Amino acid sequence: MSILINWYPGHMKKTRDMIIENLKIVDLVIEILDARIPISSKNPDIEELAKNKKRIVVLNKIDLVDESKLKEWKDYFIENDMADYFLTLSVEKNTNFSELRKIVANIYEEKLEKVKKKGLRKTVIRALIAGIPNVGKSKFINKFSNKNKAKVGNKPGFTRGKQWITVDEKFELLDTPGILWPKFEDQFVAFNLAITGSIKDDILPLEEVSNRLLDIMKKHGNINDLIRVYTLEVNDLSKLDNVEIFKILENRLGIHKTEEYSFEVISKRLLKEYRMGKLGRFLLEEPSDFRK
């Protein structure tokens with residue numbers, strides 16, 4: 001990987017400052033992660049800033065992965081004390097929200113018991129929703145609150161300002177813009193963020209990013225799924241280099257190149273269809289990638 005990937009526009013610095021300011025008035029941080037890249041999508045800045053608050057880690061987009069693999073991730077987060085609560089869900093499929101509501105209700109009751117000792121009879125839980133760009137925070141808020149107040153977009157950088165959403169008389173949510181961190185120390189993480197769409201495509205070396213995607217599909221035994229998806233007239237892609245696979249896909253899809261060795265068009269298509277779940281349901285990373 002000769003090209004270094006980084007993306008930290010000015011609004012992300014402003015968002016970080018805004019999160020620091022609002023952490024003073026919230027009880028809880030709900031961090032939304034991408035189930036395809038649980039560690040790569042976990043912003044180390046958020047982890048540091050929220051260390052004195054109750055933390056719920058939510059793996060979203062489980063409809064895009066093999067759910068049987070998620071038990072190992074849950075064990076990893078618990079073993080490493082990376083959250084007070086951990087759960088998986090799919091915003092798109094509206095799954096597991098009841099479990100989250102039970103957790104929040106328990107946190108409310110804990111706070112209510114404390115304020116009762118001060119002579120108060122009611123209180124409110126304020127939760128800050130944090131996460132990287134394009135991880136589904138606003139959609140999550142709309143589903144969780146049964147409202148459509150959070151602005152939703154499918155491109156990184158869509159939400160630019162904070163939004164308070166009142167769920168009910170006991171619970172309020174603060175939606176914040178997606179933020180990354182100033183420098184990716186590990187380009188493994190950077191490429192995973194690029195593949196899943198958390199970094200704007202127009203600043204990316206798309207051919208290198210899609211090449212990385214093919215490498216991961218080979219590593220996890222998914223590369224031959226492309227034969228089914230694109231009805232390719234080959235029996236095995238696993239022993240071919242990625243250039244040959246790009247050429248086969250271009251020929252099958254009738255893509256006409258403008259340059260002899262440019263695979264930009266097929267790269268865009270592969271990344272788009274992977275993000276939509278059309279290339280199979282698989283993780284881009286596993287706990288073993290991060291265990292020392």
Side-chain angles (χ1 to χ4, degrees), residues 4-34 37-60 77 80-86 91 104 107 111 123-142 144-145 147 149-167 171-187 189-190 192-194 196-204:
L4 297 180
I5 295 174
N6 271 298
W7 186 46
Y8 194 67
H11 74 271
M12 289 191 184
K13 170 63 168 61
K14 293 177 181 178
T15 296
R16 186 182 188 278
D17 293 342
M18 181 262 287
I19 288 174
I20 292 172
E21 182 63 26
N22 282 276
L23 278 171
K24 300 173 184 177
I25 60 171
V26 302
D27 307 282
L28 171 68
V29 173
I30 301 177
E31 186 175 12
I32 314 297
L33 306 181
D34 188 322
I37 52 169
I39 296 298
S40 294
S41 61
K42 188 166 180 56
N43 187 333
D45 280 358
I46 298 298
E47 186 168 3
E48 175 62 23
L49 294 173
K51 63 184 179 182
N52 295 321
K53 299 291 180 177
K54 281 191 178 295
R55 299 164 298 156
I56 300 177
V57 164
V58 174
L59 285 195
N60 183 29
F77 273 76
N80 290 280
D81 191 28
M82 299 172 74
D84 297 298
Y85 303 90
F86 177 94
V91 171
V104 172
I107 294 172
K111 184 178 180 181
T123 187
V124 63
I125 291 290
R126 294 186 176 92
L128 185 147
I129 309 300
I132 63 172
N134 212 27
V135 79
K137 296 184 304 299
S138 296
K139 283 186 178 181
F140 166 86
I141 287 176
N142 289 338
F144 186 52
S145 64
K147 299 175 182 178
K149 291 189 176 182
K151 298 174 183 177
V152 174
N154 61 0
K155 293 182 179 180
F158 181 84
T159 302
R160 287 297 181 94
K162 70 177 183 180
Q163 303 177 76
W164 277 104
I165 310 294
T166 300
V167 177
F171 194 43
E172 296 176 357
L173 299 173
L174 175 59
D175 185 17
T176 61
I179 59 167
L180 297 170
W181 47 107
K183 183 179 180 181
F184 304 129
E185 299 297 335
D186 188 342
Q187 286 296 294
V189 169
N192 283 349
L193 292 168
T196 52
S198 292
I199 300 174
K200 285 188 175 181
D201 280 350
D202 57 12
I203 71 159
L204 291 172

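Worth saying up front: this structure is predicted, and the values here are computed from it rather than measured.
N142 contributes atom CG, which lies 8.5 Å from atom CG of D175 (distance to the nearest 0.5 angstrom). Interatomic distance, L193 CG to I132 CD1, rounded to the nearest 0.5 Å: 5.0 Å. Within the model, atoms CD of Q163 and CD1 of I141 stand 7.0 Å from one another, a figure rounded to the nearest 0.5 Å. In this structure, CG on N134 lies 11.5 Å from OG on S41, to the nearest 0.5 angstrom. One finds the CG atom of L173 at 6.0 Å from the CD1 atom of I30 (value rounded to the nearest 0.5 Å). Here NZ of K42 is found 11.0 Å from CD1 of I32. Values are rounded to the nearest 0.5 Å.
Taking the side chain as every heavy atom from C-beta outward, I179 and I46 approach each other to under 4.5 Å. Counting heavy atoms from C-beta outward, K200 and P133 have side chains that stay 4.5 Å or more apart. Counting heavy atoms from C-beta outward, W164 and N22 have side chains that approach closer than 4.5 Å.
Aromatic ring orientation, F144 versus F140: parallel (interplanar angle below 30°, classes split at 30° and 60°).
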Let me have the donor-acceptor pairs involving side chains of residues 52-59, under 3.5 Å, with sequence neighbours excluded, atom names and distances please.
residue : atom : partner : partner atom : Å
K53     : NZ   : L23     : O            : 2.9
K53     : NZ   : V26     : O            : 2.8
R55     : NH1  : M82     : O            : 3.3

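The shortest non-hydrogen separation linking I199 to A190 is CD1-O, 4.0 Å. Nearest heavy atom pair, residue I165 against residue S145, reads CG2-OG, 4.1 Å. Taking both residues in full, the closest heavy atoms of M18 and P177 are given as CE-CD, 3.7 Å, listed atom of the first, atom of the second, then distance. Across V29 and A130, no two heavy atoms sit closer than the pair CG1-CB, 4.5 Å.
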Note to self: What verdict does the side chain to side chain contact (heavy atoms under 4.5 Å, CB included) test give for E48 and W181, after you've listed the backbone C-alpha separation in whole Å, the side-chain angles of each residue and the deciding distance to 0.1 Å?
What the structure shows: CA-CA 12 Å; E48 175 62 23; W181 47 107; over 6 Å; no
Checklist line | Evaluation steps, side chain to side chain contact (heavy atoms under 4.5 Å, CB included), between I5 and Q187 | finding: CA-CA 7 Å; I5 295 174; Q187 286 296 294; 3.7 Å; yes
Item checked: Residues D27, I107; criterion side chain to side chain contact (heavy atoms under 4.5 Å, CB included); working and verdict -> CA-CA 9 Å; D27 307 282; I107 294 172; 5.6 Å; no
Notebook entry, point to check: Given the rule in the side chain to side chain contact (heavy atoms under 4.5 Å, CB included) test, do L49 and R16 qualify, once you have shown the distances and angles that lead to the verdict?
Noted result: CA-CA 9 Å; L49 294 173; R16 186 182 188 278; 4.2 Å; yes
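Side chains of N192 and S40: a donor-acceptor N/O pair is present below 3.5 angstrom, by distance only.
Side chain of K111 to main chain of V124: a donor-acceptor pair is present (N/O by atom type, distance under 3.5 Å, no hydrogens or angles).
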